[in-house]
Amino acid sequence: MAGDWTEDEYVEYLLGERRRFAWVMQRYGGITLAQAEAAALERYPYEASNALFRGLIFHDEAWHWAMLAIYGDLYWVEHPEFVAPSPEYEALAEAEPPE
């Protein structure tokens with residue numbers, strides 16, 4: 001739970017979600033790296049440690065939020081192939097560089 005995280009843990013998770021969101025936006029949304037990174041910053045702003053519901057966005061993973069941004073509400077109905085994250089996406093977490 002986000003409320004139990006240290007600041008370092010929160011920031012590490014936030015940066016990881018931003019990277020994964022940007023990757024999906026670039027790979028499936030067809031936008032540039034700069035556009036994808038800007039979209040990730042907008043979707044995942046830093047929240048102060050005393051912010052109410054800090055980290056609530058983490059209740060769904062970056063894959064879901066990116067697919068919503070690309071294909072819209074109910075993307076899983078029109079694009080059932082995107083219900084689950086791709087193996088490439090899943091591998092991102094394992095390959096992420098340390099901060």
Side-chain angles (χ1 to χ4, degrees):
M1 299 192 135
D4 298 333
W5 295 353
T6 67
E7 183 66 12
D8 288 343
E9 290 169 333
Y10 169 78
V11 169
E12 181 180 348
Y13 198 83
L14 176 67
L15 294 176
E17 289 297 282
R18 284 178 181 170
R19 278 191 294 274
R20 288 183 287 278
F21 183 88
W23 182 88
V24 175
M25 294 298 290
Q26 193 176 11
R27 173 89 161 86
Y28 295 94
I31 63 176
T32 68
L33 176 59
Q35 291 169 323
E37 289 174 342
L41 283 172
E42 185 176 331
R43 172 61 64 188
Y44 289 96
Y46 173 84
E47 298 173 297
S49 62
N50 62 348
L52 189 60
F53 305 118
R54 182 186 198 198
L56 181 61
I57 193 158
F58 301 149
H59 81 278
D60 275 318
E61 61 186 305
W63 175 270
H64 172 71
W65 296 119
M67 287 297 160
L68 280 173
I70 295 166
Y71 295 112
D73 291 338
L74 300 175
Y75 69 85
W76 54 89
V77 174
E78 291 187 30
H79 299 279
E81 68 274 21
F82 297 134
V83 169
S86 71
E88 290 175 301
Y89 173 89
E90 295 290 354
L92 290 176
E94 298 168 15
E96 287 184 349
E99 296 297 322

Item to check | Least distance between heavy atoms, Met25 atom then Ala36 atom | outcome: CB-CB, 4.1 Å

Item to check | Set of residues satisfying side-chain hydrogen bond (donor to acceptor under 3.5 Å, both in side chains) with respect to Glu61, sequence neighbours excluded | outcome: Tyr89

Checklist entry - If you measure from CG on Leu74 to NE2 on His79, what distance do you get to the nearest 0.5 Å? => result 11.5 Å

Item to check | side chain to side chain donor-acceptor pair (under 3.5 Å) contacts touching residues 32-41 (sequence neighbours left out) | outcome: Thr32-Gln35

Next on the checklist: For Phe58 and Tyr13, take the angle between the two ring planes, folded into 0 to 90°, and tell me which bin it lands in: parallel under 30, tilted 30 to 60, perpendicular over 60.
Outcome noted: perpendicular

Next on the checklist: With rounding to the nearest 0.5 angstrom, report the CZ to NE2 distance, Phe21 to His64.
Outcome noted: 11.0 Å

Which pairs would a plain distance check flag for residues 65-73, meaning a side-chain donor or acceptor within less than 3.5 Å of a matching protein atom at least two apart in sequence or in another chain?
residue : atom : partner : partner atom : Å
Trp65   : NE1  : Ile57   : O            : 3.0
Trp65   : NE1  : Asp60   : O            : 3.1

Checklist entry - Under a single-linkage definition using a 4.5 Å side-chain heavy-atom cutoff for Ile, Leu, Val, Met, Phe, Trp and Tyr, are Leu41 and Val11 assigned to the same hydrophobic cluster? => result no

Checklist entry - Under the salt bridge (Lys or Arg N to Asp or Glu O under 4.0 Å) test, which residues partner Glu88, sequence neighbours left out? => result Arg27

Next on the checklist: Going by the rule side-chain hydrogen bond (donor to acceptor under 3.5 Å, both in side chains), which residues pair with Glu78 if we only count those two or more places apart in sequence or in a different chain?
Outcome noted: none

Next on the checklist: Test your reading of the model: is there a side-chain donor-acceptor pair from Trp63 to the backbone of Arg20, 3.5 Å cut-off?
Outcome noted: no

Report all side-chain donor-acceptor pairs from residues 42-50 shorter than 3.5 Å, counting only partners two or more places apart or in another chain.
residue : atom : partner : partner atom : Å
Tyr46   : OH   : Glu7    : OE2          : 2.5
Glu47   : OE1  : Gly55   : N            : 2.7

